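A note on names: the letters A, B, ... follow the listed sequences, proteins ahead of strands, and every chain is numbered from 1. Because the structure is predicted, anything quoted here is derived from the model rather than measured.
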Amino acid sequence: QKEVEQDPGPLSVPEGAIVSLNCTYSNSAFQYFMWYRQYSRKGPELLMYTYSSGNKEDGRFTAQVDKSSKYISLFIRDSQPSDSATYLCATPKAAGNKLTFGGGTRVLVKP
Amino acid sequence: ETGVTQSPTHLIKTRGQQVTLRCSSQSGHNTVSWYQQALGQGPQFIFQYYREEENGRGNFPPRFSGLQFPNYSSELNVNALELDDSALYLCASSFGQGMSTDTQYFGPGTRLTVL
């Protein structure tokens, strides 16, 4: 079992729809969770950073962590074609910021 | 743009050769991490350097080695290239000792193809 797992997609949605992305993780000791966005031929860029269970909102993006289920989610409201990218969840599995990534979910927002 | 640059952009090598990839960290960032991203997969942690010393290593063989220089630029060296080494190699810089809360800023990557 991989430590962090994501559905690879692709996830295709119409412009304006809500995009819902999920990750599961295996180790209950993981505490910090990040969502990165990666455009084609680019490096990942940090979108959201969460610690502990609950919600965190930043503009159109909401991140949720459910530690009891070992489940993290990212919601994108009012999706735009520019949101078309691969979304990666990640966690530092030990002390420090050496990240373990999920496989990424490719999202396509159609105009 | 993150201010992290990598060179070259693309590289083609043959099996058994050696390769050196370079990264220039964002100004003032004293920690650099390298990741390997195979096609269609998430990045995998290779190793991290803090103030020119290795500060953690992932599950990669010794033929993957690195250096960090006083000006915070760094190199990833891979010896005896194998076909499976074909991937996008990403470096990421951060300020600090590599704490969990230190944000990493990724470069655009070097695409390595091994034939």
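- Within a 6.0 Å radius of CZ in A:R106, no more than 12 heavy atoms belonging to other residues, nucleotides or ligands are found.
- Residue B:Q6 does not touch chain A at all, counting heavy-atom pairs closer than 4.5 Å.
- Among the candidates A:P8, A:G102, A:G43, the residue making the largest number of heavy-atom pairs closer than 4.5 Å to chain B is A:G43.
- The environment of B:L39 atom CG is sparse: at most 12 non-hydrogen atoms of other residues, nucleotides or ligands sit within 6.0 angstrom.
- The part of B:Y35 that comes within reach of chain A is its side chain, from C-beta onward, which places non-hydrogen atoms under 4.5 angstrom from that chain.
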Check: Can you check side chain to side chain contact (heavy atoms under 4.5 Å, CB included) on B:F45 and A:F101, steps first, answer last?
Finding: CA-CA 9 Å; B:F45 173 72; A:F101 284 87; over 6 Å; no
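- The side-chain heavy atoms of A:K98 and B:N55, taken from C-beta on, include a pair separated by under 4.5 Å.
- Connection of B:L81 to B:L21 is established within a shared hydrophobic cluster, with ILVMFWY side chains joined at heavy-atom distances below 4.5 Å, either directly or through further cluster members.
- Between A:L99 atom CG and B:Q48 atom CD the span is 9.0 Å, to the nearest 0.5 Å.
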Handout entry: Full working for side chain to side chain contact (heavy atoms under 4.5 Å, CB included) between B:L88 and A:Q38
Key = CA-CA 13 Å; B:L88 180 69; A:Q38 186 175 24; 4.1 Å; yes
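- In this structure, the side chains of B:Q104 and A:L46 stay at 4.5 Å or more apart for every pair of heavy atoms.
- Nearest heavy-atom pair across A:L88 and B:G42 is CD2-CA, 3.9 Å.
- Residue A:R60 places its CZ atom among more than 12 non-hydrogen atoms of other residues, nucleotides or ligands, all under 6.0 Å distant.
- Hydrophobic clustering, with ILVMFWY side chains joined whenever heavy atoms are under 4.5 angstrom apart, groups A:M48 together with A:V107.
- Proximity to chain B is absent for every atom of A:Q31, based on heavy atoms less than 4.5 angstrom apart.
- Nearest approach of B:L90 to A:P44, heavy atoms of both residues: CD1-CD, 3.8 Å.
- In the hydrophobic clustering of ILVMFWY residues, with side-chain heavy atoms under 4.5 Å counting as a link, B:Y49 and B:L67 come out apart.
- Atom CZ of B:R63 is surrounded by more than 12 heavy atoms from other residues, nucleotides or ligands within 6.0 Å.
- Taking a 6.0 Å sphere around CG of B:N59, one finds it holds 12 or fewer heavy atoms contributed by other residues, nucleotides or ligands.
- Annotation: B:F106 is in aromatic contact with A:Y36 [ring centroid separation under 6.0 Å].
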